[in-house]
Enquirer: 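I'd like to ask some things about the structure below.
Order of the sequence lines sets the chain letters (A, B, ...), proteins ahead of strands, with each chain counted from 1.
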Amino acid sequence: MDHLGRDFFSRDTLTVARELLGQRLVRVLGDRRLSGRIVEVEAYVGEGDQACHARCGRTARNAAMYGPPGHAYVYLIYGMHNCLNVVTGREGFPAAVLVRALEPVEGIAVMREKRGGRGGSELTSGPARLCQALEIDRRFDGVDLCEVDSVLFVERDTGVPGEQVVKGPRIGVRGDEEALSAPWRFCVRGNRFVSR
DNA sequence: GGATCGATCGGCT
DNA sequence: GCCGATCGATCCG
């Protein structure tokens with residue numbers, strides 16, 4: 001299977017978000033692969049997006065979003081949860097896609113251990129849950145997902161046909177009316193691993 | 001099943 | 001000081 005490269009991530013953020021559905025997020029841990037199909041994402045686009053972490057400009061925390069596409073932006077939320085984003089668009093413009101849910105594929109037993117014995121839809125349905133299941137934390141902030149030997153990357157999988165894509169407003173965001181109503185959340189219709 | 005609320009702490013509005 | 005792109009426990013029905 002083919003490791004998605006810079007060209008995939010350097011496109012328009014909404015296009016990347018839509019096309020990430022159905023692709024495979026892979027975490028290599030020692031000699032094991034933990035992976036899942038991406039079934040839910042959200043786009044965060046530029047300083048003008050009031051829900052985007054870059055709305056107040058560049059800081060040490062969000063610096064990765066200003067960097068080259070195809071890198072990870074991992075941040076800590078509520079003082080305890082990690083969330084994974086993939087940087088998109090052109091370097092210098094802060095935009096990223098938040099990975100909100102996976103359908104587990106490989107290494108399910110290992111993920112279950114990392115999730116304290118929880119399984120089923122509690123394994124990877126939620127941005128912080130999937131980071132815990134795949135052992136993704138701020139060590140990955142700024143890491144290049146397009147490097148051939150990266151231990152975190154996205155692999156081409158089956159994708160999702162248009163009629164299975166559901167678009168809607170993002171979850172849990174604050175901001176102006178535009179930020180609250182923008183249909184920048186994409187998920188796979190009827191998939192049991194989608195959050196909420 | 002859905003709603004509500006406490007946990008817990010780094011970065012900043 | 002304050003608050004958050006959340007989770008999990010607990011309550012109610």
Enquirer: Please determine if R170(A) and D49(A) form a salt bridge, counting it only when a charged side-chain N lies under 4.0 Å from a carboxylate O.
Expert: yes

Enquirer: Please report the distance, rounded to the nearest Å, between CG in L180(A) and C1' in dG4(C).
Expert: 15 Å

Enquirer: Less than 4.0 Å between a side-chain N and a carboxylate O, is that true for E47(A) and R58(A)?
Expert: no

Enquirer: Taking donor-acceptor contacts at under 3.5 Å, does the side chain of Y75(A) reach the base of dA5(C)?
Expert: yes

Enquirer: When clusters are formed by joining ILVMFWY residues with side-chain heavy atoms under 4.5 Å apart, either directly or through shared neighbours, do V87(A) and I136(A) land in the same one?
Expert: no

Enquirer: Separation of Y73(A) atom OH from dA5(C) atom P, in whole Å?
Expert: 9 Å

Enquirer: Flag yes if V28(A) and V143(A) sit in one hydrophobic cluster, no otherwise; membership is Ile, Leu, Val, Met, Phe, Trp, Tyr, and two members link when side-chain heavy atoms are under 4.5 Å apart.
Expert: yes

Enquirer: Where the side chain of M80(A) is concerned, which of dA5(C), dA7(B), dG8(C) is the nearest nucleotide?
Expert: dA7(B)

Enquirer: Starting the side chain at C-beta, find the nucleotide from dA7(B), dT6(C), dG4(C) nearest to R174(A).
Expert: dG4(C)

Enquirer: Can you tell me how the ring of H3(A) sits relative to the ring of F153(A), calling it parallel under 30°, perpendicular over 60° and tilted otherwise?
Expert: parallel

Enquirer: Rounded to whole angstrom units, what separation is found between the NE2 atom of H81(A) and the P atom of dT6(C)?
Expert: 9 Å

Enquirer: Whole angstroms only, please: what is the OH-C1' distance between Y78(A) and dC9(B)?
Expert: 13 Å

Enquirer: If you assign R115(A) and M65(A) each to the DNA chain C nucleotide with the nearest heavy atom, which residue ends up on the more 5' nucleotide?
Expert: M65(A)

Enquirer: With 3.5 Å as the limit, what N/O pairs link the protein to nucleotides 10-13 of chain B?
Expert:
residue, atom, partner, partner atom, Å
dC12(B), OP1, T59(A), OG1, 2.2

Enquirer: Between E106(A) and R24(A) (salt bridge meaning N to carboxylate O under 4.0 Å), is one present in this structure?
Expert: yes

Enquirer: Stacking check: are the rings of Y44(A) and dA5(C) less than 5.5 Å apart at their centres and under 30 degrees in tilt?
Expert: yes

Enquirer: For dA5(C), give the paired nucleotide (Watson-Crick: N1-N3 plus N6-O4 or O6-N4; G-U: N1-O2 and O6-N3; both under 3.5 Å), or none.
Expert: none

Enquirer: Rounded to whole Å, how long is the line connecting atom CG of L130(A) with atom P of dT6(C)?
Expert: 12 Å

Enquirer: Classify L98(A) by what it touches in the nucleic acid, base, sugar-phosphate, or nothing, heavy-atom distance under 4.0 Å.
Expert: base

Enquirer: Using a strict threshold of under 4.0 Å (side-chain N to carboxylate O), is an ion pair present between E42(A) and R100(A)?
Expert: yes

Enquirer: Quick one: Q132(A) CD to dT8(B) C1', roughly how many Å, whole number?
Expert: 15 Å

Enquirer: Once you apply a heavy-atom cut-off of 4.0 Å, does A128(A) come out as touching a base, just sugar-phosphate, or nothing?
Expert: sugar-phosphate

Enquirer: May I ask you to check whether Y44(A) and H53(A) place their ring centres under 6.0 Å from each other?
Expert: no

Enquirer: Are OP1 or OP2 of dA5(C) and a side-chain N or O of H53(A) less than 4.0 angstrom apart?
Expert: yes

Enquirer: What is the nucleic acid contact for R118(A), judged by heavy atoms within less than 4.0 Å: base, sugar-phosphate only, or nothing?
Expert: sugar-phosphate

Enquirer: Rounded to the Å, how far apart are I77(A) CD1 and dC2(C) P?
Expert: 18 Å

Enquirer: Do the side-chain N or O atoms of R100(A) get closer than 4.0 angstrom to the phosphate oxygens (OP1, OP2) of dT6(C)?
Expert: yes

